[in-house]
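A quick write-up on the structure given underneath.
Lettering of chains follows the sequences in order, A, B, ..., and the numbering in each one begins at 1.
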Protein chains: 2
Amino acid sequence: MAAARDEPFDSIAKTLELVGDRWTMLIVRDVFRGLRRFEELRGDLGIARPVLSDRLGKLVDRGILAKARYQEHPPRYEYRLTEMGLELSPALVALMRWGDRWLADAAPGVVLYHRACGTELEQGFWCPKCATTFGPRAIKSRARPNGQPRRAAR
Amino acid sequence: MAAARDEPFDSIAKTLELVGDRWTMLIVRDVFRGLRRFEELRGDLGIARPVLSDRLGKLVDRGILAKARYQEHPPRYEYRLTEMGLELSPALVALMRWGDRWLADAAPGVVLYHRACGTELEQGFWCPKCATTFGPRAIKSRARPNGQPRRAAR
DNA sequence: GGAGTGAGTTCGGGGTACGAACTGACGCCG
DNA sequence: CGGCGTCAGTTCGTACCCCGAACTCACTCC
C-alpha cells in the first residue's frame, strides 16, 4: 500500500478502509436494529461464518463495536455499538434514504422519528446562520487552513 | 442469490449493492471533487484500469453518472454526476465527517460551506416540528405501514 | 447419554481485483 | 511525414479474498 496521498476528502477514503467492504456496513446496520449475537447476525445476513467472525473482530479492534459478556460458562459475548459506532448512523441513514428515493424495488420499510416528539425526521445539511436545511447544490467546499483545530462535533 | 428477504432497512442493502464495493464511493467522491476524466480518476485513485472501466460503466448503467462527450474524433467522454449521483452527497458527507471526527490520522482537509452565506454547514437529523437538529440517540424507528406512499423528498 | 445450540476455526475451490502489457485513435513537434 | 506522448480502454495471468461445508468445543436440555 502506497503512502497516504495527502488529498482533501481523504477522510472518506480512510473511513471506507474501515467500513467500506462488502459486509461491514450491513453488520453495523444490523446491530443498530438490535441484533447482537453471532448467530442472529449470521442468520440475518446470510454471511459465511469465517467472514463474520473476521469482521466482528475487526470492528471490535477498531472501536466501532464492543463485546459484552452475556453469559459465563460457555463465555458468550454479544456485540454493541460504541459511541464511535453509533455515530455512523448519519451515514447509514443517508444510504437508506437514498435507496428509498432512487431504487424502485427498495420500498421504504422504516420511518425514523424524533424521539422527543414523534415527528418524522429529516436529514439534511443545516446552516446555523440561515437556520435552514438545504441540498447538495448549495454546498461549496474549501481546503481547511492547515493545522486549524477541528470544531467540537455535536 | 437468494430471493430478497423482506426486512426493514433493506434500502441500505440495496444501496450498498450499487455503491458498496471497494471503489465506487471513492469514484463518486472524486467526481464530486471535479475530476471527470478516466485518467484523472485513475491517477488520483491508483485504481487498476480494468476495474475503473468496469465501475464507470456500471455507474453509468445505474444512472449515477452520465457520460458527456467532450471531444470528437477520438470520441472522448467525461463523467458527470446525475441528480441521482448528486444526492449521494449526504452519505459522502456523513462518511467524511465520521472520519474527521474518529480517525486521528485523517485530518479534516476540507470544510463545507453553505453557498448562500458562506457559513460552515452542519449535518444532522432535523426535526421540522421542534426546529432543532439532534443526534443518533434521539432517533426512534418504526416499520412503515405497508403501501403508504413515500413523501416527496426535499 | 444423545441431541441441540452458540460461537467460532480449518479447509479447499472459485470468483474477483490486481498490475503489466497491448491496442488504437488521434495531436503535436521537429 | 515519422515518431512520441496521451487518453481510454481491453486482454491476460496471477494472487488473494470470499464462500460453503465440515469440524471443534463447551455447554444445556430432554
Practice prompt. May I ask you to say whether B/Lys14 pairs ionically with A/Asp100, meaning some side-chain N is under 4.0 Å from a carboxylate O?
Written response: no
By nearest-nucleotide position on DNA chain D, the 5'-leaning member of A/Asp54 and B/Phe38 is B/Phe38
Any [X] side-chain nitrogen or oxygen under 4.0 Å from OP1 or OP2 of [N]:
X	N	answer
B/Ser53	D/dT10	yes
A/Tyr79	C/dA7	no
A/Arg49	D/dC18	no
B/Trp23	C/dT16	no

For the side chain of [X], counting heavy atoms from C-beta on, which of [options] is nearest?
X	options	answer
B/Arg22	C/dA7, D/dC18, C/dA17	C/dA17
B/Ala48	C/dG19, D/dC19, D/dC7	C/dG19
B/Pro50	C/dA7, C/dA17, D/dT10	D/dT10
B/Glu39	D/dC19, D/dC7, C/dA7	D/dC7
B/Arg76	C/dA7, D/dA8, C/dA17	D/dA8

In the single-linkage hydrophobic clustering (I, L, V, M, F, W, Y; side-chain heavy atoms under 4.5 Å), do B/Leu41 and B/Tyr77 co-cluster?
no
Whole angstrom is fine here: how far is it from [atom1] in [X] over to [atom2] in [N]?
X	N	atom1	atom2	answer
A/Leu65	C/dA7	CG	C1'	16 Å
B/Gln71	D/dC7	CD	P	10 Å
A/Asp44	C/dG6	CG	P	15 Å
B/Leu52	D/dC7	CG	P	14 Å
A/Leu56	C/dA7	CG	P	10 Å
A/Arg69	C/dA7	CZ	C1'	15 Å
B/Tyr77	D/dG9	OH	P	9 Å
B/Leu41	D/dT6	CG	P	18 Å

*Assign A/Arg42 to base, sugar-phosphate, or nothing according to its heavy-atom contacts below 4.0 angstrom with the strands shown.*
nothing
Exercise. State, to 0.1 Å, how close B/Leu95 and A/Ala91 come at their nearest heavy-atom pair, and which atoms those are.
Key: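 It is CD2-CB, 3.8 Å.
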Checklist entry - How about B/His114 and A/Phe125: are their ring centres within less than 6.0 Å of each other? => result no
### Task
Kindly indicate whether the side chain of B/Arg80, heavy atoms from C-beta on, has any atom under 4.5 Å from the side chain of B/Glu78.
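A side-chain contact exists here, since the closest heavy-atom pair is under 4.5 Å.
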